[in-house]
Every structure is written in C-alpha cells, then in structure tokens.
Novice: 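Sending over a structure as structure tokens; questions will come in a sec.
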Amino acid sequence: MFVISFLCAFVQDLLQDISDRDKKIQYLLQMGFPEDEAKMAIKRCGLDCSMSVLIDSIHASQSVGDEHEMKDKTSLERQKAKLMEDPKKRRKLYGGGAQGNPLVLDCSHEDPMRPPNPMVGFNLPSDPFRSAKRRIAIHATGPPFIYFEDMTRAPKGVWDTISRFLDDIKPELVESKFFSASTGKRGYLHNLPTDGRYPLPLSPKTIFDAFPQYEKWWPLWDPRLQLNCSRTGMVSPKHVKRISRTLAEDPGNPPAASVQKYVLGECRKWNLVWVGKNRVAPLEPDEMELLLGYPKHHTRGACTTERYKSLRNAFQVDTVAYHLSVLKKMYPNGLNVLSLFSGIGGAEVALHRLGVRMDTVVSVESSVVNRRILKSWWNETQTGRLIEIDSVKSLTDDRIRSLLRELGGFQLVIGGSPCNNLTGSNRRHRDGLEGEHSVLFDDYARIVCSVKLAMETM
DNA sequence: ACGACTATGATCGGATTG
DNA sequence: CAATCCGATCATAGTCGT
C-alpha cells in the first residue's frame with residue numbers, strides 16, 4: 001500500500017508541468033502498459049494522435065505477440081480458440097440463444113459486445129437477485145464510482161477501447177424498454193455493485209400507461225406498445241399530413257397491407273402516435289420528458305427545437321436510476337457528484353428521484369440551453385450546491401485537485417460522451433472515437449483517471 | 001435592396017445484427 | 001434478407017439588421 005501511494009505521488013508530481021508527450025506516456029503507464037511500448041506507440045503514431053489511437057496501436061502489436069504465444073498452448077485451448085473465430089460456433093459455445101442465456105460474465109474471456117438477448121443488463125427489477133457475476137479489479141473499485149453511458153451499437157472495437165480506458169470494466173448492456181415506455185439500447189459501464197438494486201416506482205411501461213388518451217385511436221394493426229425517443233430528425237408537418245392522407249384515402253378497414261406497411265414504417269421511423277381517426281402526430285416535448293423519466297416541463301423555457309435536441313441526447317432516467325439505486329444505502333447523508341456531459345441533468349434527476357442527497361454537483365456541460373435547464377431544475381428541487389463548468393477542457397488536473405481539496409472527494413463520476421461519430425445513422429462521419437465529437441470520450445477517461453489519482457493521494 | 005444569419009425540408013448510406 | 005440507428009449536409013425560404 002505504501003509502495004502504491006508512493007508511486008501515485010510520484011506520478012502525480014510528474015503530471016504537473018510536463019510536456020504533452022510525457023503526459024501521454026504517464027497515462028499509458030497508469031493503465032498498465034510497459035513504458036517501452038508506450039514510447040514506441042507514440043513514435044509509431046506521432047505525438048498529435050489521440051489516446052485511443054495509441055492504445056489501439058499497443059494492443060495491435062501485443063496481439064501479434066499473442067499469436068506467437070498460442071503455439072505454446074495446449075491443443076484443447078487451441079481448439080477452443082479456433083471455435084471462437086467462428087461466430088456461429090462461438091454462439092453455441094456460450095449459449096447465446098434467446099432462452100436459457102446464462103447470466104454469467106466471465107470478464108477474462110467475454111467479448112464485451114455480445115449483447116445479452118433479451119438485452120437485460122446484469123439483472124432486472126423483476127428478478128434483481130438473478131444477477132450476473134462479474135469481477136472488477138481491486139484498483140477499479142469505488143469510490144469514486146464511475147458510470148459511463150453511450151450507445152450500444154457503436155462501430156466495432158469502440159466498446160473494447162472504452163473498456164480499456166476504464167479499468168477493463170465491461171459495459172452493462174440494457175434496453176430501456178424494461179424500465180419505461182421508451183425503447184433504446186445503451187451500454188452503461190460502471191463499477192457499482194449490482195446487488196440490492198431497486199427501481200423507481202410508477203414509471204409507465206407502455207404507451208397506453210403513459211398516454212391513455214391515445215388508446216382509442218390506436219389501430220389494431222399497429223402493434224407498438226413502446227416508443228423510441230432517440231430518433232431526432234424532426235418530421236415536417238407536411239410529411240405527417242401526407243401519411244394521414246394516404247391512410248384516409250384507403251377505403252378498406254383495415255387498410256390494404258401495403259398501406260399498413262408504409263404507415264407503420266413511418267410511425268416507427270418518426271415515433272408517431274395516434275391522436276385521432278387516421279391521424280398521427282409526433283410526440284410533444286412534454287411527452288418525451290414523461291417517457292424519459294423527467295418531470296413535466298423539465299425543458300420548458302427552451303424553444304421547441306432545442307427541447308427536442310436536448311431530450312434526444314438525454315439519459316433514460318428510470319434505467320439509470322435502477323443502476324444508481326445502490327448508492328442510497330451507501331451514502332445516506334449525501335454525496336458529491338462529478339457530472340460530465342450533463343446535458344439536461346439525467347443523472348441528477350435520477351439521484352433526486354431515488355432520494356439520494358447531493359451535497360455538491362460539479363456539472364460540465366457545453367450547451368448554454370442545457371445549463372439553464374439544469375440550473376433552474378436544481379434551484380427548484382435541491383438544497384445542495386451546483387457548480388457549473390462549460391467545457392471539459394477547462395477541467396484540468398489542477399482544477400480537479402482544487403475542487404477535491406474543497407469538497408473532500410467525489411463519490412460518483414458520471415456521464416455519457418457524444419455519440420455523433422458512433423451512431424449508425426451518421427452517414428458522413430461515423431469515425432468512431434476519433435470523430436470530431438466522440439473524441440471527447442478522451443476527456444472523460446482523462447478526468448476519471450485524474451480524479452482517482454488525486455483521491456488516492458489525498 | 002442587400003448581406004448575414006437562422007430555421008426548415010428534402011435527401012442522403014452503411015455497418016452490424018439476427 | 002430486412003430492420004436497426006442519440007445525424008449531417010445542402011438548398012432554400014424566412015428574419016433581422018443596416
């Protein structure tokens with residue numbers, strides 16, 4: 001222990017006032033890479049490239065080494081390794097079928113991106129005791145607890161990289177339809193315990209729980225029970241009218257199969273609800289707030305387009321709250337939260353709805369609209385302190401250290417970095433973690449690293 | 001009238017998965 | 001094979017100031 005804290009102090013000293021190159025090497029060392037490989041990677045990739053490129057580069061060179069090692073393995077292991085190369089056989093080997101999917105995550109061999117089917121995460125409120133077992137390295141346990149969110153279906157390798165940045169923890173892959181009337185597949189990478197979770201009460205689970213007034217207009221041939229709040233492109237009123245007109249012009253009841261298919265496709269695509277006979281309409285911002293677990297009018301004040309924009313990037317509160325619920329017993333007197341990419345404050349709303357007291361929240365959010373939304377919600381509901389910062393870039397090591405001195409520590413570091421360059425719906429710049437926006441993940445990792453380091457040496 | 005700026009509508013693939 | 005997806009670009013029509 002003494003050696004570890006001595007090393008940390010040593011590393012911390014080094015982090016102050018040293019060049020970019022040294023800083024990058026230090027981070028790589030902190031992550032457990034040998035120094036010579038770290039230096040070699042910087043030499044190969046250049047100094048200007050991001051941390052994720054460096055890490056990929058090291059792993060690429062390491063995996064070449066692994067293949068050589070393979071020759072020394074037993075024939076059984078070789079056979080297994082060969083099986084793993086074939087996705088179909090691999091699935092069989094690990095029983096990835098719809099039923100009887102074993103909820104066991106052996107992190108040493110698990111491919112982090114094979115989602116459970118159904119995508120229930122480690123456990124569900126309906127069966128909280130049937131929990132996936134997982135191992136987290138000693139140095140990765142909290143506090144600080146970390147909680148990172150992003151979309152599940154990022155390009156290949158992205159989640160592996162994210163895991164490597166964050167202590168090799170595997171993400172919990174969850175579809176929010178198990179928690180609310182909205183669907184959405186997300187990965188939540190965290191080091192929170194998974195026993196003793198409990199859900200928020202009273203969240204609507206179907207469209208008709210949430211909006212009973214629409215049930216009478218809902219045609220039998222529209223089987224949707226839940227909505228997808230993530231789709232953002234606004235539907236033009238013209239297009240909505242076109243859909244309604246197509247329907248009205250069909251004499252049949254129910255309408256012809258081709259009309260049904262077209263209308264249903266559009267409804268799914270644009271997340272439309274039935275507001276009248278043959279009449280569909282997009283969700284109002286208020287309705288999205290309800291589905292995502294926010295108080296009504298949470299985003300009021302911003303103009304409509306801004307509200308949609310903010311809501312589409314927001315946490316599904318019920319899902320996040322289920323994971324965070326374990327904090328309530330751990331910190332009955334409150335905790336300090338570092339909230340990165342806070343958006344409209346999904347994490348804060350989740351903690352509040354759980355009844356977890358927040359002494360201080362340091363919130364980093366670049367959008368002025370979102371900052372205003374969070375601030376006004378905070379002033380209405382909270383007694384603790386809110387410190388707002390406009391950019392992750394300005395949260396330097398020094399600033400983190402001074403905040404920690406003032407607050408005594410962060411018990412939770414939570415956030416979801418931009419997915420613009422990860423999502424399949426981005427046709428032009430699906431550049432992965434290197435993308436213009438998604439590269440901000442580097443700052444999440446940097447800040448987590450810095451907070452842990454500083455707290456270890458406090 | 002003019003330019004700068006903002007909001008809107010139409011249009012655009014592709015990797016991944018079951 | 002079909003279904004999925006936390007988006008971006010471009011042209012064009014408004015809006016605001018001078």
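Order of the sequence lines sets the chain letters (A, B, ...), proteins ahead of strands, with each chain counted from 1.
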Novice: Give the rounded distance in Å between these two atoms: CG of A:Asn228 and C1' of C:dC5.
Specialist: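 For the pair A:Asn228 CG and C:dC5 C1', the rounded distance is 8 Å.
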Novice: Send over the distance from A:Met119 CE to B:dG18 P, rounded to a whole Å.
Specialist: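 Result: 8 Å.
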Novice: Tell me whether the count of non-hydrogen atoms from other residues, nucleotides or ligands lying under 6.0 Å of CZ in A:Arg279 goes above 12.
Specialist: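 No - once you tally the heavy atoms of other residues, nucleotides and ligands closer than 6.0 Å, there are 12 at most.
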Novice: Please give, in whole Å, the distance from C:dC6 P to A:Tyr294 OH?
Specialist: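 Rounded to the whole Å, the gap is 15 Å.
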Novice: Provide, to the nearest angstrom, the distance between the NZ atom belonging to A:Lys309 and the C1' atom belonging to C:dA8.
Specialist: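 Rounded to whole Å, this separation is 12 Å.
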Novice: Over how many whole Å does the gap from A:Leu227 atom CG to C:dT4 atom P extend?
Specialist: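 Rounded to the whole Å, the gap is 13 Å.
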Novice: Nearest to the side chain of A:Lys156, which nucleotide is it out of B:dT16, C:dA8, C:dC5?
Specialist: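 Ranking B:dT16, C:dA8, C:dC5 by closest atom to the A:Lys156 side chain puts B:dT16 first.
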Novice: Taking the side chain as C-beta and beyond, is there a heavy-atom pair between A:Glu436 and A:Val439 under 4.5 Å?
Specialist: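 Not touching, per the 4.5 Å side-chain cut-off.
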Novice: Measuring to OP1 and OP2 of B:dA15, would you say a side-chain N or O of A:Arg430 lies under 4.0 angstrom away?
Specialist: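 So the side chain of A:Arg430 is outside the cut-off, no N or O lying under 4.0 Å from OP1 or OP2 of B:dA15.
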Novice: Using whole Å, what does the distance between atom P of nucleotide C:dA2 and atom CZ of A:Arg268 come to?
Specialist: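 Whole-Å distance recorded here is 15 Å.
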Novice: Could you go through nucleotides 7-9 of chain B and list every protein N or O atom that sits under 3.5 Å from one of its N or O atoms, giving the distance for each pair?
Specialist:
none

Novice: Just how far, in rounded Å, is P of C:dT4 from CZ of A:Arg186?
Specialist: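 My rounded result for the distance is 15 Å.
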Novice: Throw together a table of side-chain donor-acceptor distances under 3.5 angstrom for residues 345-355 of chain A, partners on residues two or more places apart or in other chains.
Specialist:
| unit_1 | atom_1 | unit_2 | atom_2 | d |
| --- | --- | --- | --- | --- |
| A:Glu348 | OE2 | A:Ser339 | OG | 2.9 |
| A:His352 | ND1 | A:Gln382 | NE2 | 2.9 |
| A:Arg353 | NH1 | A:Gly293 | O | 3.0 |

Novice: Taking the P atom of each, how far is C:dC6 from B:dC12, in whole Å?
Specialist: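 It works out to 22 Å between them.
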Novice: Any ion pair linking A:Asp359 and A:Arg357 (charged N to carboxylate O, less than 4.0 Å)?
Specialist: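 Salt bridge between A:Arg357 and A:Asp359, a charged N being under 4.0 Å from a carboxylate O: yes.
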Novice: Could you give the distance separating B:dG13 and C:dA3 at their C1' atoms, to the nearest angstrom?
Specialist: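 After rounding to an integer number of Å, I get 15 Å for this pair.
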Novice: So do A:Cys229 and A:Leu291 actually touch side chain to side chain, heavy atoms under 4.5 Å?
Specialist: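 Result yes, sub-4.5 Å side-chain heavy-atom pair found.
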Novice: Is DNA chain B part of any stem, that is, at least 3 consecutive Watson-Crick or G-U pairs with both distances under 3.5 Å, and where?
Specialist: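 So far as stems of 3 or more pairs are concerned, DNA chain B shows B:1-12 with C:7-18, B:14-18 with C:1-5.
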Novice: Report the residue (A:Thr423 or A:His239) whose heavy-atom-nearest nucleotide on DNA chain B is the more 5′ of the two.
Specialist: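 Of the two residues, A:His239 wins.
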Novice: Between A:Arg134 and A:Glu172, does at least one N-O distance fall below 4.0 Å, as a salt bridge requires?
Specialist: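 A:Glu172 and A:Arg134: not salt-bridged.
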Novice: Please figure out whether A:Lys261 or A:Lys185 has its closest DNA chain C nucleotide nearer the 5' end.
Specialist: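 On the 5' side of the pair lies A:Lys261.
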Novice: Check the phosphate of C:dC6 against A:Asn420, side-chain N and O only, distance under 4.0 Å to OP1 or OP2. Yes or no?
Specialist: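 Checking A:Asn420 against C:dC6: no side-chain N or O falls below 4.0 Å of OP1 or OP2.
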Novice: Output, in order, the C-alpha distance, side-chain angles, deciding distance and verdict of side chain to side chain donor-acceptor pair (under 3.5 Å) for A:Ser182 and A:Gln226.
Specialist: CA-CA 5 Å; A:Ser182 64; A:Gln226 294 173 311; over 6 Å; no
Novice: With sequence neighbours left out, write down each residue that passes ring pair (Phe, Tyr, Trp, His ring centres under 6.0 Å) with A:Tyr444, or none if nothing qualifies.
Specialist: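 Partners of A:Tyr444 under the ring pair (Phe, Tyr, Trp, His ring centres under 6.0 Å) test: A:Phe148.
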Novice: Separation of A:Phe441 atom CZ from C:dC6 atom C1', in whole Å?
Specialist: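 Whole-Å distance recorded here is 17 Å.
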Novice: Per the atom types in the model, does the base of C:dC5 pair as donor or acceptor with the side chain of A:Arg153 at under 3.5 Å?
Specialist: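 It does not, because no donor-acceptor pair links the side chain of A:Arg153 to the base of C:dC5 below 3.5 Å.
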Novice: Does this structure show an ion pair linking A:Arg300 with A:Asp286, if we count only N-O contacts that are shorter than 4.0 Å?
Specialist: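 Salt bridge flag = no for A:Asp286 with A:Arg300.
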Novice: Indicate, yes or no, whether a donor-acceptor pair under 3.5 Å links the base of C:dC6 to the side chain of A:Glu149.
Specialist: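 Yes.
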Novice: Identify the two heavy atoms, one from A:Phe145 and one from A:Pro193, that lie closest to each other, and give their separation to 0.1 Å.
Specialist: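 Of all heavy-atom pairs spanning A:Phe145 and A:Pro193, the closest is CE2-CD, 4.0 Å.
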Novice: Heavy atoms only: give me the nearest A:Leu227-A:Leu272 pair and the separation to one decimal.
Specialist: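 Minimum heavy-atom contact is CD2-O, 4.2 Å.
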Novice: Between the protein and nucleotides 9-12 of chain C, which nitrogen or oxygen pairs come in under 3.5 angstrom?
Specialist:
| unit_1 | atom_1 | unit_2 | atom_2 | d |
| --- | --- | --- | --- | --- |
| C:dT9 | OP1 | A:His429 | NE2 | 3.3 |

Novice: What residues, two or more places apart in sequence or in another chain, satisfy side-chain contact (heavy atoms from CB on, under 4.5 Å) together with A:Lys393?
Specialist: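 So A:Lys393 forms a side-chain contact (heavy atoms from CB on, under 4.5 Å) with A:Ser391, A:Leu440, A:Asp443.
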